[in-house]
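Here the structure is laid out as structure tokens; the discussion comes afterwards.
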Amino acid sequence: MSDSTKAKTLGRCICIITGASKGFGWAMAHQVSLYLKPGSVLLLVARTGTLLQELKKELQSFTEDQSLVVHCIATDLSTQDGVNETVRVVRQESLNETDHVLLINNAASLGDISQFASFTNLDQVNSYLSFNVSSAVTLTAGILQVFPLRAGLRWSVVNISSVFAVEARSSWMLYCTAKSARAMMFRVLAEEEPNVKVLSYSPGPMDTEMQEEIIRLTGIRYHLFPCKESAAKLMKVLLENKFTSGSHLDFFKV
């Protein structure tokens, strides 16, 4: 724990992390759990329930003194049922006292890396955008309705972004489009809701399964950083809470 973060906390918080079962989501769950006050709630969302349960056991092994409530939500956020189930569990936990709502929209996929002219299948494109864009919209909107803004309630929304939200790359049409759309929609949220702190964070190239897939599909190898290093940088930004709402921050500039 660094000197700049050791005296700070996220408060008595309800934190929702999507794509929490591995990679950056897993690392963020570990980071968040270190800074929650007793009585906080951590909701871990992903498709694979067994991995979520393993993560829950890990977190509970070193957070006993915090009385941390951890829920695993094994669901598919590309479906309406998946979004509804997540919002239902959030609403169930909203009955408890909380002074901070933190939503980390991390769930995403790489998609097909192909030339633009190959994308003639509407169902294929819609399916990708449903998971990578639409689910983040509807989930965020649903949780905003569960926790109306009020005095004393801190609201934070994090969009896990990419440098490809602002830079185009040949053959990465789906990925670039989704990341760009997400960055803009969260900028709109920041404009609409001045009392909600909104951040898009590009975590840099990390040692994840997605990077293994990129190597397999393209042969491109990047210098990779541990997920925990990028997660620690994001946590520092959240604890200091000095970022401009709606901004897009990059791992290399934090």
Side-chain angles (χ1 to χ4, degrees), residues 14-33 41-60 68-93 101-113 121 123-143 146 157-162 164 172 174-175 177-179 181-182 185-186 200-201 203 206-217 226-228 230-231 234:
I14 179 166
C15 175
I16 307 96
I17 304 176
T18 68
S21 61
K22 53 191 174 182
F24 187 71
W26 181 93
M28 278 308 302
H30 276 262
Q31 278 291 320
V32 166
S33 66
V41 178
L42 182 56
L43 303 181
L44 308 172
V45 188
R47 294 176 179 176
T48 310
T50 53
L51 294 178
L52 290 178
Q53 290 296 334
E54 291 173 9
L55 174 57
K56 177 179 179 178
K57 289 180 181 178
E58 288 181 26
L59 298 177
Q60 290 181 328
L68 177 63
V69 177
V70 181
H71 288 299
C72 299
I73 308 174
T75 195
D76 183 356
L77 289 175
S78 68
T79 68
Q80 186 67 60
D81 287 345
V83 173
N84 289 347
E85 174 60 14
T86 304
V87 173
R88 184 193 67 80
V89 178
V90 172
R91 181 174 289 108
Q92 177 181 297
E93 290 301 326
V101 180
L102 171 59
L103 171 59
I104 302 176
N105 284 295
N106 171 65
S109 61
L110 179 62
D112 190 7
I113 298 178
N121 187 317
D123 290 339
Q124 176 195 8
V125 174
N126 283 343
S127 176
Y128 181 82
L129 295 178
S130 176
F131 177 55
N132 287 276
V133 180
S134 303
S135 69
V137 176
T138 54
L139 179 63
T140 304
I143 297 174
V146 172
V157 177
V158 179
N159 166 44
I160 302 306
S161 187
S162 166
F164 295 144
W172 289 60
L174 285 180
Y175 191 77
T177 297
K179 291 302 185 184
R182 280 172 61 139
M185 77 189 196
F186 284 112
S200 286
Y201 174 71
M206 300 177 293
D207 54 350
T208 63
E209 289 183 6
M210 184 180 288
Q211 284 295 331
E212 294 175 5
E213 189 177 0
I214 290 171
I215 294 170
R216 181 180 63 82
L217 293 173
C227 291
K228 63 181 181 181
S230 185
L234 173 55

**Asked** Got a sec, which residues hit ring pair (Phe, Tyr, Trp, His ring centres under 6.0 Å) with F24, two or more places apart in sequence or on another chain?
**Response**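 Counting only residues at least two positions away or on another chain, F24 forms no ring pair (Phe, Tyr, Trp, His ring centres under 6.0 Å).
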**Request:** With sequence neighbours excluded, tell me which residues meet ring pair (Phe, Tyr, Trp, His ring centres under 6.0 Å) with Y128.
**Result:**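 Y128 satisfies ring pair (Phe, Tyr, Trp, His ring centres under 6.0 Å) with no residue once adjacent residues are dropped.
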**Request:** Run through N159, T140, T18 and flag the one making a side-chain hydrogen bond (donor to acceptor under 3.5 Å, both in side chains) with N105.
**Result:**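 Considering N159, T140, T18, a side-chain hydrogen bond (donor to acceptor under 3.5 Å, both in side chains) with N105 is found only for T140.
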**Item:** Test side-chain hydrogen bond (donor to acceptor under 3.5 Å, both in side chains) applied to Y201 and S161, S230, S162, the passing residue
**Value:**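 The option that passes is S230.
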Do you know which two heavy atoms are closest between [X] and [Y], and how far apart they sit?
{"X": "V133", "Y": "M185", "result": "O-CE, 3.8 Å"}
{"X": "A29", "Y": "L44", "result": "CB-CD2, 3.9 Å"}
{"X": "M210", "Y": "S109", "result": "CE-C, 3.8 Å"}
{"X": "G19", "Y": "N106", "result": "O-ND2, 3.0 Å"}
{"X": "A107", "Y": "L77", "result": "CB-CD1, 4.4 Å"}

**Message:** For residues 130-140, which residue pairs pass the salt bridge (charged side-chain N to carboxylate O under 4.0 Å, His left out) check, not counting sequence neighbours?
**Reply:**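 Passing the test, one end in residues 130-140: no pairs.
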**Item:** Ring geometry between H30 and W26 (parallel below 30°, tilted from 30 to 60°, perpendicular above 60°)
**Value:**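 Tilted.
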**Asked** Taking NZ, NE, NH1 and NH2 as the nitrogens, is one of them in E85 or R88 under 4.0 Å from a carboxylate oxygen of the other?
**Response**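 Salt bridge between E85 and R88, a charged N being under 4.0 Å from a carboxylate O: yes.
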Taking [Y]'s backbone N and O only, do any of them form a donor-acceptor pair with [X]'s side chain (distance below 3.5 Å, no angle check)?
{"X": "D207", "Y": "C227", "value": "yes"}
{"X": "S78", "Y": "S130", "value": "no"}
{"X": "R182", "Y": "N132", "value": "yes"}

Rounded distance (nearest 0.5 Å) linking atom [atom1] of [X] with atom [atom2] of [Y]:
{"X": "T75", "Y": "L52", "atom1": "OG1", "atom2": "CG", "value": "10.5 Å"}
{"X": "L110", "Y": "E213", "atom1": "CG", "atom2": "CD", "value": "4.5 Å"}
{"X": "I16", "Y": "I73", "atom1": "CD1", "atom2": "CD1", "value": "8.0 Å"}
{"X": "I143", "Y": "L103", "atom1": "CD1", "atom2": "CG", "value": "4.5 Å"}
{"X": "S33", "Y": "E58", "atom1": "OG", "atom2": "CD", "value": "10.0 Å"}
{"X": "S200", "Y": "K179", "atom1": "OG", "atom2": "NZ", "value": "9.5 Å"}

**Prompt:** What do you reckon, is NZ of K228 surrounded by more than 12 foreign heavy atoms closer than 6.0 Å?
**Reply:**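 At most 12 heavy atoms, drawn from other residues, nucleotides or ligands, come within 6.0 Å of this atom.
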**Request:** Have a look at I104 and tell me which of V157, V32, V45 forms a side-chain contact (heavy atoms from CB on, under 4.5 Å) with it.
**Result:**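 That would be V32.
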**Asked** Between L234 and Q31, is a side chain to side chain contact (heavy atoms under 4.5 Å, CB included) present by the stated rule, with each step listed?
**Response** CA-CA 9 Å; L234 173 55; Q31 278 291 320; over 6 Å; no
**Request:** Indicate whether the side chain of D81 and that of T79 have a donor and an acceptor atom separated by less than 3.5 Å.
**Result:**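 Judged by distance alone, the side chains do not pair up.
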